[in-house]
Every structure is written in structure tokens, then in C-alpha cells.
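These notes are about the structure you will find just below.
Atoms considered below: every heavy atom in the structure, side chains included; atoms not considered: hydrogens, waters and symmetry mates. Below, chains carry the letters A, B, ... as their sequence lines are ordered, and counting in each starts from 1.
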Amino acid sequence: MATVTYLEAIRQAIWEEMERDSRVFVMGEDVGVYGGAFKATEGFIHKFGKERVVDTPISEMAIASAAYGASLTGLRPVGEFQFMDFISSAHSQIVQILAKSNWRWGAPAPLVLRGPSGGGVSGGPFHSQNPEMFYVHTPGLKVIAPATARDAKGLMKSAIRDNNPVLFFEHKFLYRRVKEELPLKDYTVEIGKARVHREGRHLSVITYASMVYVAQEAAEILQKEGIELEILDLRTLLPLDRDAIRATVEKTNRAIVLHEDTKTGGIAGEIAAIINEEAFDSLDAPIVRITAMDAPVPFSPPLEKAFLPKVEDVVREARRLLKY
Amino acid sequence: MATKKIEAPPPASPESKSQSANGSKVMPAHTGAKSGQPPVSKNPHGIPDWRLEQLPFHIESEWGDGEYRYKIVGDTSAPVPPLRPSKYLGKEQTIELFRYMIVNRRMEAVLESMYKQSLVIGELYQSLGQEACSVATAYALDKDDWLGPMIRNQGSMIVKGYQPRATMMQYMGKGDSPTKGRDSGSHYGDPKTLNVVAPISHLGDSIGVLAGVALGARLQGKHVACLGYIGDGGQSTGPTYEGFNFAAVQHLGVVLVVEHNSWAYSTPVELQFACKDLADRAIGYGVPGVIVDGTDANQVYDAAHEAVQRAHRGEGASIIEAKFMRMKSHAMHDSAHYVPAKVKEYWKRRDPIARMEQYLKEAGWMTEARIAEMHAEVERFINEERAVAEAAPMPGPEDAGTDVYFDNAVDIPVKYGEVRVKNANKNRKLSESSAPGHYK
Ligand SMILES: Cc1ncc(C[n+]2csc(CCOP(=O)(O)OP(=O)(O)O)c2C)c(N)n1
Ligand SMILES: [Mg+2]
């Protein structure tokens with residue numbers, strides 16, 4: 001066991017996959033000599049050479065397109081977007097070409113597009129977004145958003161080994177704040193499976209990425225009042241783990257869906273619908289959504305703090321639901 | 001390069017308010033401090049190159065000691081040439097432009113110290129060594145012209161009419177900043193008075209917007225120049241091509257200043273594009289292009305002035321490639337260890353402000369003492385601006401989530417009076433559609 005950060009877990013996963021499988025290579029802006037804006041590929045170029053660590057011009061369109069093209073030749077590219085906010089610059093390629101490729105002409109696209117998303121760091125409206133739902137709405141893609149270092153590493157390995165295009169949303173707030181002991185041996189985490197982050201009896205908080213820790217803080221506060229929160233970390237957003245969502249609601253009979261993404265069209269609405277389909281009879285209270293405001297992500301700390309979901313929100317809503 | 005003039009449509013009716021002609025700052029043709037212009041050379045593709053020296057080196061990646069790094073190929077010891085005398089700038093204008101450059105630099109120096117005191121939130125982007133390019137290009141614009149700045153063009157914003165406090169408050173996330181704390185740095189603008197398109201991070205996305213501004217103004221009978229910037233890195237994006245191609249094909253007055261500052265974050269130009277001069281792109285777009293030394297404010301101004309005048313005459317878009325160096329790192333967190341030391345030394349000797357001081361002294365337009373006085377005056381001014389910015393309040397939580405939509409009860413006026421072309425043929429009626437459409 002060794003203690004590593006969430007970021008280091010991702011770095012190790014890609015490194016180990018590149019060592020294990022010569023079909024894997026990385027591409028992105030400043031990923032070479034500089035090692036990436038967040039240093040996820042630091043030192044890679046010196047080990048794997050500039051043929052497998054490709055510094056691209058500033059063009060997310062080129063990164064997505066070339067990753068796809070290379071995947072057609074049997075390679076397994078891992079493309080980095082410096083910030084996931086810039087995925088919008090490659091939107092057309094991702095939703096039109098890559099996502100439909102296997103279905104349309106039998107051309108599987110085993111590739112990963114990854115990068116930092118999320119707020120809480122005063123990154124402002126173009127370095128803090130959570131654009132995952134554009135892609136969760138796109139059949140043919142897989143969408144991952146891990147909360148722990150262990151999952152980040154295991155899911156990254158699964159993503160690289162997956163035969164489909166996988167979008168991997170890392171959370172930049174967690175990069176250096178999350179540190180965990182990880183197994184030294186090779187392991188993977190299955191895509192499409194949620195994880196019970198904390199067991200509880202009274203209320204389920206269904207969430208993912210950095211909000212797992214907001215839920216955890218709330219759980220610690222509520223525990224002192226005798227309220228036991230169960231926290232379900234989705235880990236994969238597409239495909240969603242319907243069984244795990246059903247199981248937790250059947251267990252606790254109450255659900256809060258918590259996410260950092262904005263409310264309208266956020267995944268909470270989808271999860272509420274799944275609960276409705278799978279576990280309606282188990283509900284003792286309405287489903288509550290706690291999300292960011294329906295607005296762009298603001299820069300100034302007082303604004304961003306007000307914009308993002310908070311521990312107090314979870315505590316307040318949990319108390320209310322338990323009295324329902 | 002053949003130029004095609006697109007007429008602005010005539011006023012819809014004789015009664016409608018006639019737009020005042022886009023009279024630029026009336027400037028007598030000047031020969032600058034020294035008479036006589038050194039000859040202009042051409043690059044291998046026929047693009048005029050106004051520089052008085054060629055870059056005598058380039059960067060290559062090298063494998064050594066088990067690592068990749070960047071090294072210089074060529075010589076960096078060449079002496080610094082004088083500034084090219086301006087064809088248009090007289091004494092007063094040159095001095096005013098020079099002062100803007102000092103304001104630009106001083107403001108950023110103060111921002112750096114504020115950053116070190118943790119007064120700046122998030123990242124800080126600087127433009128040391130680029131002041132001539134920001135300031136002299138914006139200085140060529142009229143009040144009615146538009147600016148599309150990028151993250152390092154805080155100097156351009158000041159020339160366009162913002163006070164330094166605006167950028168300072170932006171970086172501090174103040175509630176009184178132009179975006180009320182919603183966005184940071186030079187990400188602000190003003191569509192009403194100052195005519196600045198607020199930049200977004202996504203590189204190249206503003207260029208098509210500037211084309212649209214020129215299109216909208218032309219439909220209202222006015223030719224405005226819309227001057228924007230793109231980096232050696234940012235120009236690699238698709239929106240750069242798409243936006244500028246539209247400006248070119250519609251003969252819209254977009255002046256695209258390509259800021260070739262040699263690095264894009266950690267990426268040298270050698271990994272960004274395969275041609276030598278980005279001004280070559282002008283040939284493909286079908287617009288005039290020119291190369292200038294981005295540390296020579298005179299050259300930069302003259303090229304921008306000519307492109308802006310061309311836009312005012314309705315002759316369309318232009319490209320100016322300014323070559324220089326990003327003297328600071330990409331942003332404060334970056335140590336720029338990847339830049340070979342000799343590259344910085346070469347450009348340090350080409351400091352735009354030092355070169356301009358030399359020029360002013362040789363022209364007899366400013367004495368050493370007067371220059372020192374101006375530096376001191378600007379320092380006081382920036383300190384006052386800093387005090388105002390620091391004293392401004394932060395936004396409150398109640399401000400979060402506001403203004404996402406604009407009130408439908410408020411009318412959005414047509415900026416330049418009215419749409420000049422209402423009908424091409426007044427008598428034409430909506431006829432029954434006859435031709436089969438797609439999927440008939
Ligand atoms: C579409 C897009 N991708 C990535 C980025 C991240 N990014 C911000 S600035 C920058 C480098 C820009 O280099 P250049 O255009 O040369 O401008 P300079 O910083 O040299 O002024 C990068 C990669 C971005 N802003 N937009
Ligand atoms: Mg650059």
C-alpha cells in the first residue's frame with residue numbers, strides 16, 4: 001500500500017497502462033515536456049518518447065478527431081483536455097462521429113478523453129464547469145466521474161481497456177486534496193457500478209465526484225443527531241447503475257440527489273425518474289434535488305460559495321425529510 | 001492583394017439620421033522622428049515584412065541526459081536595431097502611446113505584488129514585453145471601433161477607455177468590477193459605450209463575433225473596424241479559421257492581430273504550426289497580411305492604422321502578425337523552466353519600453369528627466385487605482401445567480417440608428433412554394 005493523491009492515482013493508471021500495452025498513448029496540449037497543466041503526464045515523454053506523448057496544437061477538435069482516427073487503427077489513445085470546459089470545442093466530433101461510430105459503421109472507438117472539471121477553486125465560468133450531462137445524453141459514450149483515488153485509478157484503467165469511447169471527468173478540487181492508500185498491484189474498477197461510500201439506514205444521498213465529500217461532512221454532523229445517511233457514489237454516469245439506486249432507496253426509503261452540476265437537466269432529474277420507475281413504492285418522502293444554481297459558474301468566492309451546493313443544504317434537507 | 005470594396009447600404013430614407021463618417025483621429029502623415037522609411041522586405045510568399053531584423057534562431061526539442069528539452073538553434077547575439085520611424089505618429093501621439101505602455105506595465109507589476117500578497121484570486125496573466133503590441137494596436141482605433149481583447153491585452157483595454165482599476169477589481173473578484181465578480185482578469189467588455197467584446201477562455205471564439213459586429217454595423221450603414229487578437233497557440237483552433245474566413249469572404253472590417261509571442265503555455269511555435277510566418281495565412285483567406293516587430297510600437301501602430309483605415313473604407317479584413325516574446329511565464333503558477341535562457345536574454349534586449357525611450361530621446365521628443373517624471377507620475381496613478389480597487393466591496397451571496405436572463409420589458413436599441421436595407425424589392429410578395437425540397 002502507498003498513499004497517493006487522486007491526481008497521482010490517475011497519473012499512475014495511465015503510466016501503468018502505457019507500460020502494459022503499447023497501443024496506449026497520450027495526446028494533448030502541453031502534455032509533453034511540461035507534463036500537462038495539472039502534471040497528470042509529468043515525466044511521461046522522457047519514458048515513452050514524443051511518439052507516444054504527443055504535444056498537440058491548441059485544438060480540442062484535433063485531439064478528439066485524431067484520438068478517434070488512431071483508435072480506428074487499433075490504438076487506444078488517451079486525449080487530455082486541459083480543462084473539461086474546453087470539451088465544447090470538440091463537441092461535434094464527440095457526439096456526432098465517435099459516439100455513433102460502432103453503431104453506424106461497425107467501427108469501434110476504444111479511446112479515452114479526460115481532463116479536470118468542476119469548481120470550488122475560483123476558476124471562473126470557463127475553468128469550473130461540469131459539462132458531463134451533454135455527454136450523458138449521448139448514447140454510445142460512457143461517462144465516468146470518480147470521487148476517490150482508488151476509483152480514479154481503477155476506473156481509468158477500465159476506461160483505457162474499454163472498447164468504447166469513454167469521457168473521464170476528473171474533479172480538479174479533489175486532485176491534491178484527496179489522498180488514499182492504494183494497492184500496489186494492478187486492479188480495475190468496473191464501469192457502470194456505483195459504490196456505497198457510507199452505510200446508513202435513514203436517508204440516501206445519491207451523488208458523485210466532489211459532492212461525495214459534502215455528503216460525508218453532512219453525514220458526520222447528522223450522525224450526532226442519530227440520523228444515519230447512506231451515501232451512494234455513482235462513479236459512472238453513463239451507464240447508470242439502476243440496481244444500486246433501487247437498492248439504496250429500498251433500504252432507506254428517502255433520497256436526496258446531490259450534484260455540483262446545475263439543476264435543470266442535471267442528472268438528479270434522471271435519477272428521480274429512475275427511482276420513480278424502480279422504487280416508487282419504497283418512498284416515504286419526496287425526492288429532493290440539491291444542486292448548483294441554474295447559472296454560469298461565478299468567479300468571485302462569495303458568489304461561487306453561494307452558487308455551489310453546501311453541507312448546510314444537505315443537513316437542512318435531511319432533517320426536513322426525516323420529519324416528513 | 002486585390003481589394004474589393006463593399007459599399008455600406010445607403011440610408012433607407014433621406015430623413016433618417018445620417019451617420020457621421022468614421023473620421024479617424026485626424027493625423028497628418030508624419031515621417032516620425034527621423035525622415036525616410038527603411039525599405040520593407042517581403043517573406044518568401046510575398047508578405048510584407050516591416051521588421052528591421054529577422055529572428056536569427058529557432059527552437060528544437062533535443063534528447064539529452066535521458067530527457068527531452070528545448071534548445072536554441074542559431075545565434076542570439078544580434079544587436080538591437082532602432083525603431084522603424086512611424087509614418088503616422090507625431091510627437092504628442094507618440095508620447096501618449098508611450099505613457100499607455102508604462103501604465104500597462106506598471107499596472108501589471110502592481111498586480112504581481114498584489115498576487116504575492118494573496119489579493120488576487122486564482123490566476124494572474126501578464127504581458128511583459130507585449131505592451132507595444134496591445135497599446136499601439138488599440139491606439140489605432142477610433143471611439144466607434146470595436147476591440148476583441150485576449151487575456152494579456154489589458155493594455156488595449158486601458159487605451160480603449162477602461163481605468164486600470166477595472167482589471168484590478170476583476171482579478172480581486174470585487175463586486176464593483178466590470179463583471180461584478182462573475183468573471184476574472186481581462187474577461188470583461190462593454191457593448192454600449194466602449195465597444196469591447198468580453199473575451200472568453202475558449203481561444204479563437206471571439207473572432208467570428210467581431211465579424212458579426214462588423215456585419216451588424218454595416219447593415220446599419222456604418223463601417224467599423226473590429227480589432228481582435230489571437231495567439232500563436234490560439235490560432236490553431238477551428239473557430240479562428242471559421243470566424244476569420246467569414247470576415248474575409250464578407251469583406252468585413254476585422255483586423256486580426258496575431259500575437260506571435262513564441263510560446264503557448266509550454267508549447268513552442270515549432271509544435272504549434274508548420275509554416276514560418278502566420279501572416280502567410282492571409283494568402284489563404286484572401287486578405288492583406290503584414291509582419292511586424294511586436295516590440296516596435298511604431299511599426300505596430302502603422303500596420304494597425306492602415307488596416308483600420310481599410311476597414312473604415314469598407315475594404316474588408318486584414319491580418320497583422322506581430323512577432324515578440326512572452327517574457328513572463330504562462331501564468332503565475334508556471335516557472336517557464338522550459339524556455340531556454342538565451343531566448344529570454346535576446347528579447348530582454350528588445351524591451352518595447354526601453355526601445356521607445358531610446359527613440360523618444362533620439363528624436364528630441366523627451367528628455368531622460370521627462371521620462372523619469374512620467375514613470376513617477378504613472379506610479380502614483382497606479383497606486384491610486386490600486387487603492388480604489390482594494391477598497392471596493394466584494395459581491396454578496398445575494399448577487400449569485402442573478403442576471404442570467406435579460407428583462408423582456410426593456411427594449412434593446414439598434415446601436416447605429418436603424419437597419420438601412422429593409423427591402424431589396426418592395427413589391428415582391430410571398431409566393432406559393434413550388435420547388436420540391438429535401439426528402440421530397
Ligand atoms: C480552446 C482552448 N483550449 C485550451 C485553452 C487553455 N489555454 C489557455 S491559454 C493557452 C495558451 C495560449 O497560447 P497563445 O494563444 O499563444 O497565447 P499566449 O498565452 O501566448 O498569449 C491555453 C492552452 C483555452 N483557453 N482554449
Ligand atoms: Mg503565444
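- Considering every non-hydrogen atom in both A/Ile58 and B/Ala264, the closest pair reads CD1-CB, 3.9 Å.
- For B/Gln170, the part sitting under 4.5 Å from any heavy atom of chain A is the backbone (N, CA, C, O) and nothing else.
- Heavy atoms closer than 4.5 Å to chain A are found in both the backbone and the side chain of B/Leu271.
- Contact annotation for A/Glu304: neither backbone nor side-chain heavy atoms come within less than 4.5 Å of a heavy atom of chain B.
- Taking both residues in full, the closest heavy atoms of B/Ala400 and A/Phe307 are given as CB-N, 4.3 Å, listed atom of the first, atom of the second, then distance.
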Handout entry: Chi angles and distances behind the side chain to side chain contact (heavy atoms under 4.5 Å, CB included) call for A/Glu29, B/Thr267
Key = CA-CA 8 Å; A/Glu29 295 153 20; B/Thr267 305; 5.7 Å; no
Exercise for the section: For A/Phe126 and B/His187, run ring pair (Phe, Tyr, Trp, His ring centres under 6.0 Å): C-alpha distance rounded to whole Å, both residues' side-chain angles, the deciding distance at 0.1 Å, then the answer. Expected result: CA-CA 10 Å; A/Phe126 306 111; B/His187 282 191; 5.8 Å; yes
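- At a 4.5 Å heavy-atom cutoff, A/Ala62 makes no contact with chain B through either its backbone or its side chain.
- Heavy-atom neighbours of B/Phe273 CZ from other residues, nucleotides or ligands within 6.0 Å: above the threshold of 12.
- Using a 4.5 Å cut-off between heavy atoms, B/Tyr70 contacts chain A through its side chain alone, with no backbone atom that close.
- Using a 4.5 Å cut-off between heavy atoms, B/Tyr338 touches chain A through its side chain atoms alone.
- Side-chain contact between B/Ser61 and A/Val33 is absent, with no heavy-atom pair separated by less than 4.5 Å.
- Interface remark: of the candidates B/Arg69, B/Gln272, B/His337, B/Gln235, B/Gln272 forms the most heavy-atom pairs closer than 4.5 Å to chain A.
- Using a 4.5 Å cut-off between heavy atoms, A/Lys50 touches chain B through backbone and side chain atoms alike.
- Contact tally against chain A (heavy-atom pairs below 4.5 Å) for B/Ser266, B/Gly173, B/Ser236: the top residue is B/Ser266.
- Contact annotation for A/Asp85: both backbone and side-chain heavy atoms come within less than 4.5 Å of a heavy atom of chain B.
- Legend: residues meeting side chain to side chain contact (heavy atoms under 4.5 Å, CB included) with A/Val95, ordered by chain and number and at least two apart, are A/His91, A/Tyr135, A/Thr138.
- Scanning both residues, B/Trp63 and A/His46, for their nearest heavy atoms gives CH2-O, 3.5 Å.
- Within residues 386-394 of chain B, the residues having any heavy atom under 4.5 Å from a heavy atom of chain A are, by residue number, B/Met394.
- For residues 198-208 of chain B, there are no salt bridge (charged side-chain N to carboxylate O under 4.0 Å, His left out) pairs, not counting sequence neighbours.
- For residues 322-334 of chain B, the interface with chain A (any heavy-atom pair closer than 4.5 Å) comprises B/His333, B/Asp334, sorted by residue number.
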